[in-house]
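Inspection log for the structure reproduced underneath, given as structure tokens.
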Protein chains: 4
Amino acid sequence: MADDAPSFQSDDVISGAAQGRLKSFIERIERLEEDKAAVSEDLKEVYSEAKGEGFDVKILRKVVRIRKQDKAKMSEEEALIELYMSAIEG
Amino acid sequence: MADDAPSFQSDDVISGAAQGRLKSFIERIERLEEDKAAVSEDLKEVYSEAKGEGFDVKILRKVVRIRKQDKAKMSEEEALIELYMSAIEG
Amino acid sequence: MADDAPSFQSDDVISGAAQGRLKSFIERIERLEEDKAAVSEDLKEVYSEAKGEGFDVKILRKVVRIRKQDKAKMSEEEALIELYMSAIEG
Amino acid sequence: MADDAPSFQSDDVISGAAQGRLKSFIERIERLEEDKAAVSEDLKEVYSEAKGEGFDVKILRKVVRIRKQDKAKMSEEEALIELYMSAIEG
DNA sequence: GCTTGGGGCGTTCGAC
DNA sequence: GTCGAACGCCCCAAGC
């Protein structure tokens, strides 16, 4: 392990500097989790709004899911082509 | 698959306006899901960076989780206090 | 909870009858896990054999995965149609 | 390179024969994966049935896992005994 | 050893 | 409100 990456994984006293970095990491993580929760909340609202306009949420979800699968499949196919290419070049 | 909404096979034809709203909903949902995925990605990066500085990711996650529980608990308690206060004042 | 489904989830003494059923469940599970392990072993052998004939295992796996995605997507689409149908009928 | 292990990793077209073998491999793999999925499904059913009779699934899994470890350990010990035996007899 | 895939677990969402 | 099912998250193990 690099000198600037000491292990704090067990039986260590954490230095003041490490403490500061730890605090910073925790804050960044908690901020991001808040963001994520906010986005999830927005999603729920959109579904709710759609429902309020008469759309079937279940169907909506499935449509989104299928479109997601489409994209995933396309990505996989592109990755496969990449594999083929690299296999040929190798 | 065609971009437009699938046609229903009975006399329930979706109006052009409804079609537009549907499309809008789908787009908003997909945009939000992308956001969510991006945030998740950022989270992974932060954990990865922390790991690179020697912090134990598993422990880090536990700490975040515990702090979250603490906050939830405090909110509950504050709500309860509010309730008592209002009961007294009322 | 139903009378014929008592909870053995904590601080209970297990009756002789329950003991017998438990033993039976464990045996069935272990038998199935053996089967599963055997199938996994067969799979490994097939991949190994394919590799021995010059095929790229990584590509093979990806092809299988993509075909699986195809099927899953088709199933989803069929399910979506079902949903549409039921929505119309409702 | 040996005739029975041609490389498909560079600039060749896959022969009809190779194509046939490839198809065969894919089919065997997919058949085995179906088997595996079926067994997994059976396992789920058994756990579900056990749950219906009041057993705790999580604990059940742990028990199975521990027994598996025990058996592995016994096999190790038996192998060690075999080794000692052969050493003595040799 | 590092990363990628599989399995288990908890949570969340929809159905009844 | 309870139930089961689906989803994402996390851990572990195997492969490169």
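Within 6.0 Å of the CD atom in A:Glu53, the count of heavy atoms belonging to other residues, nucleotides or ligands exceeds 12.
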Nucleotide-resolved protein contact map, nucleotides 4-16 of chain F, B/S/- at heavy-atom distance under 4.0 Å: --SSSSSS---S-

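Checked against side chain to side chain contact (heavy atoms under 4.5 Å, CB included), D:Ala72 has no partners two or more places apart in sequence or in another chain. For A:Lys68, there are no salt bridge (Lys or Arg N to Asp or Glu O under 4.0 Å) partners two or more places apart in sequence or in a different chain.
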For residues 77-90 of chain D, which side-chain donor-acceptor pairs fall under 3.5 Å, sequence neighbours excluded?
from: D:Glu77; atom 1: OE2; to: D:Lys73; atom 2: NZ; distance (Å): 2.9
from: D:Ser86; atom 1: OG; to: D:Glu82; atom 2: O; distance (Å): 3.3
from: D:Ser86; atom 1: OG; to: D:Leu83; atom 2: O; distance (Å): 2.8

Hey, can you pull the donor-acceptor pairs under 3.5 Å for the side chains in residues 33-47 of chain A, sequence neighbours left out?
from: A:Asp35; atom 1: OD1; to: A:Arg31; atom 2: NH1; distance (Å): 2.4
from: A:Ser40; atom 1: OG; to: A:Lys36; atom 2: O; distance (Å): 3.2

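Along DNA chain E, the stretch of nucleotides lying under 4.0 Å from any heavy atom of chain C spans, 5' to 3', E:dG5 to E:dG7.
C:Leu22 has its side chain within reach of C:Ile26: a pair of non-hydrogen atoms, C-beta onward, lies under 4.5 Å apart.
In this structure, D:Gln19 CD and D:Ser24 OG are separated by 13.0 Å, a value rounded to the nearest 0.5 Å.
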